[in-house]
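Notes follow the structure.
Note that the structure is a prediction, hence the values are computed from the model and not measured. A note on names: the letters A, B, ... follow the listed sequences, proteins ahead of strands, and every chain is numbered from 1.
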Amino acid sequence: MAKLEELPKTYNPQQAEARIYKLWEKSGFFNPDNLPKAFKEPFSIILPPPNVTGTLHMGHAAMLAFEDVLIRWQRMKGFRTLWLPGTDHAAIATQSKVENMLYKEKKQTRHDLGRTEFLKLVGEFAQESHDTIVNQIRRMGSSLDWSREAFTLDEKRNLAVNTAFQRMYEGGLIYRGDRIVNWDPRMQTTVSDDEIEWKEEKTPFYYLRYGPFTIGTARPETKFGDKYVVMHPKDKRYAQYKHGDIIPLEWINGKITATVIKDEAVDMEFGSGVMTITPFHDRTDFEIAERHHLEKERIIDLKGKLLPIAGEFAGTYITKARPQIIEKLRNKDLLERVDENYVHRLATNSRGGNVIEPQIMRQWFVAVNKEFPFPHAGLKGIKKGQKTTIKRLMLHVVKTKQVEILPKRFEKVYFHWVNNLRDWCISRQIWYGHRIPVWYRGEKLSCGAQQPKGKGWEQDQDTLDTWFSSGLWTLSTLGWPKETKDLKTFHPTSVLETGYDILFFWVARMILMTTYLLGEVPFKTVYLHGLVRDSQGRKMSKSLGNVINPLDMVNAYGADATRLSLLIGTAPGQDISLSEDRVRGYRNFVNKIWNIGRFTLLKTEDFKPLKTPPPLGTEEKRILKEFHRTAEQATRSLERFQFSHAAEIMYHYLWHTFADKVIEQSKPVLQDPKKKKARQYVLVQVLADSLKILHPFAPFVTEELYQKLPLLNKKKTLMIERWPV
RNA sequence: GGGCUCGUAGCUCAGUUGGUUAGAGCGCGUCGUUGACAUCGACGAGGUCUCCAGUUCAAAUCUGGACGAGCCCACCA
């Protein structure tokens, strides 16, 4: 029975949490294989893998809190529950971090070290980050099955990546082509559309005389090769010019001939309604050139310098050349006027901030609009052999609710994104990542993980976009392409829980990969949480100095309080604003729970639980009934993914009903020897069941008290107690 | 240009399908307790739920509009 000295007045999370987490791990119940037989139906969540680029932030903490609530709740409801952990190698982010460190510390680049040495260095950094992150995840109380931990760049995941690539290649969905891509001249790699960050910049806008036309541009340095002049077919101002007309004119470096092109991509309202195009360095221009089969010429090299076509400017960086070119245009009287107040949108790499220079390059792509016969049976609404495209598949599974997105409004955002999806460029010119499983020998090409037989084969130098491997995450973590028991049991996974900011990057790509490769959806429900912001709603960032580190909060106030501060007072898909005060407030609540327990334990030292409950008075029955009503409400909220509401109900019940009313009113009753026993029974019962319902939210303090309560048939841990509703 | 979200107490935010005196955290006032509680309890101050119009027996909640804040997407050279 409880002894006073074991029950300090103040709950001490620092002392309790490490001990309790060990108890859980020792119990083995994080691993579904160890759960008692009664836990039958599978329930699974794969943890969105944190990047191994540093440490955990509050967004991760929120994710861990939400997912652990779901997992612990479902486990207590009797599901065979798997929550599978892992980390992401985050190719480009990790490599650029290490490259920056290398340059700062030793003034060296990756090329000074060479591929093997450099990768060793990145590997060490990733390992270190991994260890820190995994430790932090444990500190949050996450009931993850560590025995199944995965890494997006380990051997098993490499097998999955290679297999996926090969199947998609053989299915005609992965192809190699010369297309316009986002090129980062400093990092010397392509960057995906989604990783572009647009920055507004005030820049002069030049109106140039181009024969009889006036063309506007913010980028005169790209204009050397412009020999097509494009206008809208319906623009009456230029009706006299016919598609294909050839017009001789004087241009930057002498006489050229311009060809008239009519295309609807031109906005008649903008500038003069006429433009020249640079297909090699602009996406719109590239697309126009493709439509009319126009010539494309490279003006800027991969380092950002002008090529010989620029005449005397060849070899100059574009930024440096621009004013000189303007000067020349002015001297030749080709500059009509300048708009100094033009706001231009500049594409930058969100990883590192470098300016993006579009280039046409030979890259690997996933075709999203190419028709193919669907190779699987069993996906609702699409028969085996039926013609479809990746894009249609992605729309189909969400439209038919085989994947449900919560909150619902994000469905619209998803559809919009998928509808506008272009072929996905998956090759990257960085070293850290999955190497493209393609081999070349002269003109020959062979796709596969192993080097083909015979001499002279060389593997593609490039690596895959990091989202290619994370797109396989729900599959690869369960053992695919092998037909494992895990894959059979836990796929499709039950819920994918993540921040709405990676709906496109990740969620959409998992749907893409899984429906194609397996003919199943990767998950049934997507729950999107908001971004964690500071108390003024600003993004947490180092430069603002408003970063709250989750581990600091856990150290100061405990994991339970940290979790509650992220769970309560937040709505699905809505940003969460967090302050230390808030965490402190929930620390007080955790302490209140502790003292409710402490009171109950001290007043039931002489109470022995019996198989048959003692006869109850009307007041006792009322207390039980009131609790059951509350418990049902909380459960209903959980079923609707209303974590905040569920926790709030229990918060309010425990503090303002159980403590303020039930306990206060019980004090005299417990003095009465005739009524004492029934009241003790009720207090222990209600407290025990409250702890069960609160356990998913605040697992530590509830476990700590549960261990001390006088109960019959007590389980090894509260984790596997049955949900009381 | 398209789309989305938000505008509720001094501050940061909840409010489930429209229904009795609109809630939480922090802050504030008075009193009480200090033998469950870094306290805690009781009571209280403080809100025209941005504004306007509409639907309804009834709206913070639904509809339309205005104003304000923020986010996402997009090929305006």
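Within the structure, every pair that satisfies the ring pair (Phe, Tyr, Trp, His ring centres under 6.0 Å) test and touches residues 265-284 of chain A, not counting sequence neighbours, is listed here: A:F205-A:F270.
In this structure, A:Y206 and A:I215 have side chains that are not in contact, with every pair of non-hydrogen atoms separated by 4.5 Å or more. Residues A:Y557 and A:N591 are not in side-chain contact: their nearest non-hydrogen atoms beyond the backbone lie 4.5 Å or more apart. Residues A:P8 and A:W594 meet the side-chain proximity criterion, which asks for heavy atoms closer than 4.5 Å.
For the residue pair A:W506/A:T498, the side-chain donor-acceptor check at 3.5 Å is not satisfied.
Within the 4.0 angstrom heavy-atom criterion, no nucleotide atom of any strand lies near A:I215. A:I596 comes within 4.0 angstrom of a base, heavy atoms only. Residue contacts for A:Y11: at a heavy-atom cut-off of 4.0 Å it reaches a base atom on one of the strands shown. If you check every strand for non-hydrogen atoms under 4.0 Å, A:N595 touches a base. Using a 4.0 Å heavy-atom distance criterion, A:S644 is classed as a sugar-phosphate-only contact.
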Item checked: Test log, rule salt bridge (charged side-chain N to carboxylate O under 4.0 Å, His left out), inputs A:E287 and A:R422 -> CA-CA 12 Å; A:E287 285 168 5; A:R422 290 196 194 83; 3.5 Å; yes
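When rounded to the nearest whole Å, the span between CG of A:L531 and P of B:C6 equals 16 Å. Taking atom CG of residue A:D560 and atom C1' of nucleotide B:G25, one finds them 17 Å apart after rounding to whole Å. The OH atom of A:Y557 sits 12 Å away from the C1' atom of B:A38 (whole-angstrom rounding). As rounded to whole Å, 12 Å separates atom P of B:G25 from atom CG of A:D581. Separating the NZ atom of A:K603 from the C1' atom of B:A36 is a distance of 8 Å, rounded to the nearest angstrom. Between A:L578 atom CG and B:C26 atom P the separation is 14 Å, expressed in whole Å. Between the CZ atom of A:R679 and the C1' atom of B:A36 there is a distance of 16 Å, rounded to whole Å. Atom NZ in A:K412 sits roughly 12 Å away from atom C1' in B:U5 (whole-Å rounding).
B:A14 and B:G65: their P atoms are spaced 24 Å apart (whole Å). Distance noted for atom P between B:U12 and B:G7: 12 Å (whole Å). For the P atoms, the distance linking B:G29 with B:A45 amounts to 15 Å, nearest Å. Taking atom C1' on both nucleotides, B:A22 is separated from B:C49 by 8 Å, rounded to a whole Å. Comparing B:G46 with B:A24, their C1' atoms are spaced 16 Å from each other, to the whole Å. B:C28 and B:C11 have their C1' atoms separated by 13 Å, with the value rounded to a whole Å. Here, B:A9 and B:A60 have their C1' atoms 14 Å apart, quoted to the whole Å. Rounded to whole Å, the separation between the P atoms of B:C76 and B:U20 comes to 50 Å.
The environment of CD in A:Q14 is crowded: more than 12 heavy-atom neighbours from other residues, nucleotides or ligands sit within 6.0 Å. Environment of CD in A:E269: sparse, with no more than 12 heavy atoms of neighbouring residues, nucleotides or ligands closer than 6.0 Å. Around NZ of A:K677, the count of heavy atoms belonging to other residues, nucleotides or ligands within 6.0 Å does not exceed 12.
A distance-only check finds a donor-acceptor pair linking the side chain of A:Y414 to the backbone of A:M394 [under 3.5 Å]. With hydrogens and angles ignored, the 3.5 Å screen pairs no side-chain donor or acceptor of A:D560 with any backbone N or O of A:V590. Put simply, the side chain of A:R563 gets close to the backbone of A:F697: a donor and an acceptor are under 3.5 Å apart. At least one donor-acceptor pair closer than 3.5 Å links the side chain of A:Q359 to the backbone N or O of A:I300. Of the possible donor and acceptor atoms, none in the side chain of A:D672 sits under 3.5 Å from a partner among the backbone N and O of A:P668. Under the 3.5 Å distance criterion, the side-chain polar atoms of A:R237 are matched with a main-chain donor or acceptor of A:M268. With hydrogens and angles ignored, the 3.5 Å screen pairs a side-chain donor or acceptor of A:Q680 with a backbone N or O of A:K603.
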Mind listing the N/O atom pairs, protein and nucleotides 39-42 of chain B, below 3.5 Å?
from: B:C40; atom 1: O3'; to: A:K592; atom 2: NZ; distance (Å): 3.3
from: B:G41; atom 1: OP1; to: A:W655; atom 2: NE1; distance (Å): 2.4
from: B:G41; atom 1: OP1; to: A:D660; atom 2: OD1; distance (Å): 3.2

Nucleotide N/O of nucleotides 43-46 of chain B paired with protein N/O under 3.5 Å:
none

Show the distances under 3.5 angstrom between N or O atoms of the protein and N or O atoms of nucleotides 16-19 of chain B.
from: B:U16; atom 1: O2'; to: A:R640; atom 2: NH1; distance (Å): 3.0
from: B:U16; atom 1: O2; to: A:H645; atom 2: ND1; distance (Å): 3.0
from: B:U16; atom 1: N3; to: A:H645; atom 2: NE2; distance (Å): 3.1

Please tabulate the protein-to-nucleotide N/O contacts below 3.5 Å involving nucleotides 21-23 of chain B, giving atom names and distances.
none

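Note that CG of A:D245 is 9.0 Å distant from OG1 of A:T259, once rounded to the nearest 0.5 Å.
Of the residues near RNA chain B, A:R584 and A:A659, the one whose nearest nucleotide (by heavy atom distance) lies more toward the 5' end is A:R584. Residues A:Y651 and A:K9 each lie close to RNA chain B; by heavy-atom proximity, the contact nearer the 5' end of the strand is made by A:Y651.
Listed by chain and number, the residues in a side chain to side chain donor-acceptor pair (under 3.5 Å) with A:D552 amount to none (sequence neighbours excluded). A:N369 meets the side chain to side chain contact (heavy atoms under 4.5 Å, CB included) test with A:K391; sequence neighbours excluded. For A:T203, the side chain to side chain donor-acceptor pair (under 3.5 Å) test picks out no residue, with sequence neighbours left out. Checked against side chain to side chain donor-acceptor pair (under 3.5 Å), A:S637 has the following partners two or more places apart in sequence or in another chain: A:H645.
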Margin query: One character per nucleotide, please: for nucleotides 28-34 of chain B, 5' to 3', B when the base has a protein heavy atom closer than 4.0 Å, S when only the sugar-phosphate does, - otherwise.
Written below: -------
Check: What does nucleotides 71-77 of chain B look like as a protein-contact string, B for base, S for sugar-phosphate only, - for none, at under 4.0 angstrom between heavy atoms?
Finding: --SBBBB
Note to self: Could you spell out the base pairing of RNA chain B as a dot-bracket line? Use Watson-Crick and G-U wobble contacts where both distances are under 3.5 Å, [ ] for crossing pairs, | for partners on a different strand.
What the structure shows: (((((((..((((.....[...)))).(((((.......))))).....(((((..]....))))))))))))....
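Screening A:T278, A:I325, A:I318 for a side-chain contact (heavy atoms from CB on, under 4.5 Å) involving A:R219 leaves a single residue, A:I318.
Aromatic rings from A:Y241 and A:F213 are positioned such that their centres are separated by under 6.0 Å.
The side chain of A:K667 lies closest to B:A36 when the candidates are B:A24, B:A36, B:C6.
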